[in-house]
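What follows is one structure encoded as C-alpha cells, with my remarks underneath.
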Amino acid sequence: MLNKLSSVLKKSFDKIARAVFLDKKTIDTVVKDLERALIQADVNVHLVKKLGAEIKKQAQDKKVKGIEKKEHLTKILHDKILNLLGKEKHELKIKKHKQIKIMLAGLYGAGKTTTTAKLASYYSKRGFKTAMIGLDTHRPAAPEQLEQLGKQTKIQTFIDKNEKDPIKIYNKYKEKLKDFNLIIIDTAGRHDLDKQLTEEIKSLNKEIKPDYKLLVIQADIGQAAKKQASEFQKTCGINGVIITRMDSTAKAGGALTACAETQAPVYFIGTGEKINEFETFNPKSFISRLLGLGDLEGLLEKVESAVDKKDQKKLKEKLEQGKFNLRDLQSQLKSMQGMGSLSKIAEMIPGLGKVKIPENLLGTQENKLKKWNHIINSMTEEEINNPEIIEKQTSRLSRIAKGSGTTTTDIRQLLKQYKMLKEMTQGAGDLSSMDMSQGLSQKQMMKLAKKFGKKMRI
Ligand SMILES: Nc1nc2c(ncn2[C@@H]2O[C@H](COP(=O)(O)OP(=O)(O)O)[C@@H](O)[C@H]2O)c(=O)[nH]1
Ligand SMILES: [Mg+2]
C-alpha cells in the first residue's frame, strides 16, 4: 500500500534522525522530498504546497533549540500528514439491541458487491446477526455474484434473480429481515452519477431508510474522489465512505486526502480481493504503518477477525509481556493462513516494517506452515513451553522429526524463526504504550533502532 510514499517518509524520518544539525537546507530537502512523494500519490497540489509551507515555517521556530529541533520536526511532519488524512478514526455505531441497515452505493466496479460481503463478514465475526440483500437489478450477474459470496462467507443472503424492481425485492424480504441485527444492502451502479442512479438511490433511501449510506470508491480514482464524494453527498445523502483497492494503486493518497477534505468520514479500506482483506481506517495507525513503525492495533484487529476475543486478549497480553510460546505461534500460524499474505501481517507487527526479515519468514509458504504445525503437534508439553531443551538433546530432535514426518533441519529452522519472532514481538509493549499523537521522540526512535539492530547515527 502506498509503497513509494512510505519509503520516502521513512527516508525523511531517517534523514532527520541522522542530521547532525537541522539547518535550513536539511529542512528544505525533507520538505521537497515529501511534497514530491505526496504529489506522486495523487494528493492535490495546492494541499501539498500549503502543507510544505506550513512545515517549513513551523520547523524554523526559533524557540526550539538543539536536539529538540529534530523531535519537533518529526512531530510536525507526523501531525501534518495526519491532518491531511483526516485525524480521527470514525466508527459505525452498530448496536446489538437495535437493527441497523447499511446501504452501499457507488459507480460500476467500485467494489460495492465485494464490500457488501466484506462488511457483512467483518460484523458477523464480531457477533452480529448479519444478512445481505442484493438490490442490483441492473447488472445481469449481480445477484449470482452476491449469492456466491454469501455461500463463501456463510452469511444469509437475499436475492431475486427475476425481479427488476429493487424496491419490490426489498419489500418481499422485509419480514424475514426482521430476524437480523445488521442488514447490508448492495445496490446497482452506473458509469456516472446520472439522473437514473440518483433517482434510484433516492427512492431506496425513502423506502429503506438506511442508518448508514456509504459510498464505495475505488482508490484508483485518486483525488477525483473529492468530486465524486461531494456529488453523492449532495444528491444522495451519503454519510461515509469505504475506499477499495488500496492495494492496487499508487494514487490512494489522493483518494484518502480528498475524502478528508470533503469531511466524508472514511470508515473502512479494502486492501485486496479476499474477504479478509478489509480493515477499519484509522489515520493514526495508517501513518505509523507508512512510517514503518508497525501498528499493534491494526495487527490485533486483523488477528481478531480470525481468532476469538478471549484468545485475542491473551495474545495481546503475551505480546506485550514478551511471553509468547510455541503454542501461540502455532495458533497464530493457523489463523494467519486465513488472513492473507504473511508480508501484509508483518507490516503490522511493531518494528517488523523497519527490519529486513528473511524471505522465508514472509513468503506465503503453505507447506512450511503445515510442516511447522506437524512439528509442534509432535512435541511434548514440556518442549512446547521450553523449546531450548530440544536443541540441547539430539534424541528429542530425532524423535520429533520421526513423529512429524519432517527432518531435524526443519525443526531447527522452526526454532530459529520462533526465537526471532519472539525477539521482535518483545518490542510490542514499548510501541503499544507509545502515543503516536505525541510524535516519536528521539529516545523512542533510538530504542527501536537498537532493538532491531539498525544503527541510527545522530
Ligand atoms: N485488489 C482489490 N480488488 C478489489 C477490492 N475490492 C473489490 N475488488 C475487485 O474489484 C472488482 C469489482 O468489484 P465489485 O464488488 O463487483 O464492484 P461493484 O460493481 O461496485 O459491485 C472485482 O474484481 C473485485 O474483486 C480491493 O480492495 N482490492
Ligand atoms: Mg456489484
Side-chain angles (χ1 to χ4, degrees), residues 1-3 102-122 132-153 155 157-161 163-164 166 169-170 184-194 196-198 200-201 204 213-222 224-225 228-229 231-232 236 238 240-256 259 266-281 286 289 298 301-302 305 339-341 343-344 347-348 364:
M1 249 193 303
L2 288 172
N3 294 339
I102 305 177
M103 187 168 94
L104 301 187
L107 302 183
Y108 276 142
K112 295 177 295 300
T113 308
T114 317
T115 306
T116 301
K118 284 180 173 181
L119 200 56
S121 161
Y122 178 91
M132 309 194 272
I133 176 161
L135 301 187
D136 180 357
T137 56
H138 202 71
R139 240 192 60 207
E144 283 84 356
Q145 189 191 353
L146 195 66
E147 185 179 39
Q148 206 52 44
L149 288 164
K151 276 190 193 138
Q152 192 190 325
T153 52
I155 286 167
T157 307
F158 298 98
I159 54 159
D160 186 330
K161 293 178 190 168
E163 180 53 60
K164 284 290 161 216
I169 304 180
Y170 180 74
I184 319 275
I185 303 145
D186 184 26
T187 65
R190 297 293 188 280
H191 286 299
D192 320 284
L193 181 57
D194 56 14
Q196 212 188 16
L197 181 57
T198 311
E200 185 171 320
I201 297 174
L204 289 173
K213 291 159 269 187
L214 304 182
L215 173 66
V216 181
I217 305 185
Q218 56 195 95
D220 320 42
I221 68 167
Q228 203 179 107
E231 279 178 4
F232 270 85
C236 311
I238 67 115
V241 178
I242 296 179
I243 300 182
T244 63
R245 304 173 68 94
M246 288 288 296
D247 54 304
S248 60
T249 174
K251 285 184 164 189
L256 284 171
C259 290
V266 177
Y267 287 105
F268 289 92
I269 51 177
T271 56
E273 290 189 68
K274 289 198 199 110
I275 295 291
N276 272 330
E277 289 173 323
F278 187 66
E279 33 187 285
T280 52
F281 178 63
F286 189 77
R289 243 153 86 196
E301 192 176 282
K302 192 122 200 175
S305 62
M339 283 200 297
S341 81
S343 59
K344 266 192 195 157
E347 254 183 53
M348 292 196 263
T364 37

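Both counts, for ligands and for their atoms, begin at 1 and track the order of listing. Given the structure is predicted, the values throughout are model-derived calculations rather than measurements.
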Polar proximity ligand 1 side, Gly111 side, N/O cut 3.5 Å exclusive: yes

Any N or O of Glu273 that comes nearer than 3.5 Å to an N or O of ligand 1? yes

Within the 4.0 Å heavy-atom cut-off, what Lys118 brings close to ligand 1 is side chain

What closest approach, in Å, do Val266 and Cys259 show between heavy atoms, and which atom pair accounts for it? CG2-CB, 3.6 Å

Which protein heavy atom lies closest to atom 12 (C) of ligand 1, and at what distance to 0.1 Å? Gly109 O, 3.8 Å

Logged contact type for Thr271 with ligand 1, heavy-atom cut-off 4.0 Å, is backbone

Using a heavy-atom cut-off of under 4.0 Å, does the side chain or the backbone of Leu107 touch ligand 1, or both, or neither? backbone

In terms of its nearest heavy atom to atom 8 (N) of ligand 1, the top option of Lys274, Glu277, Gln218, Arg245 is Arg245

Does any part of the side chain of Phe281, heavy atoms only, come nearer than 4.5 Å to the side chain of Ile243, both counted from C-beta? no

Grab the two heavy atoms, one from Ala117 and one from Thr153, that are nearest each other, plus how far apart they are. O-CG2, 4.5 Å

How does Arg139 reach ligand 1, by side chain, by backbone, by both or by neither, if only non-hydrogen atoms under 4.0 Å count? side chain

Any side-chain heavy atom of Ile185 within less than 4.5 Å of one from Leu204? no

Taking the minimum heavy-atom distance to atom 26 (C) of ligand 1, which of Gly189, Gly270, Gly272 ranks first? Gly272

Residue, atom name and distance, where the atom is the protein heavy atom closest to atom 21 (O) of ligand 1: Thr113 OG1, 2.8 Å

Answer yes or no: does an N/O atom from Asp247 fall short of 3.5 Å to an N/O atom of ligand 1? yes

At their closest point, which heavy atom of Leu104 faces which heavy atom of Val216, and how far apart are they? CB-CG2, 4.0 Å

In Å, rounded to the nearest 0.5 Å, how long is the span from CG of Leu107 to CG of Asp194? 9.0 Å

Could you report the tightest heavy-atom contact between Lys274 and Lys118, atom names first, then the distance? O-CE, 3.3 Å

Give me the ring orientation class for Phe268 and Phe278: parallel if the planes are under 30° apart, tilted from 30 to 60°, perpendicular past 60°. parallel

Within the structure provided, determine whether His138 and Tyr108 are in side-chain contact (heavy-atom separation under 4.5 Å). yes

Identify the heavy atoms of Ile201 and Ala105 that sit nearest to each other, and give their distance. CD1-CB, 3.9 Å

Any nitrogen or oxygen of Lys112, side chain or backbone, less than 3.5 Å from one on ligand 1? yes

Nearest protein heavy atom with distance in Å, relative to atom 16 (O) of ligand 1: Gln145 NE2, 3.0 Å

With a cut-off of 2.8 Å, does Tyr108 put an N/O/S atom close enough to the Mg ion (ligand 2)? no

Region of Met246 that comes within reach of ligand 1 [heavy atoms, distance under 4.0 Å]: neither

So is there a nitrogen or oxygen of Thr114 less than 3.5 Å from a nitrogen or oxygen in ligand 1? yes

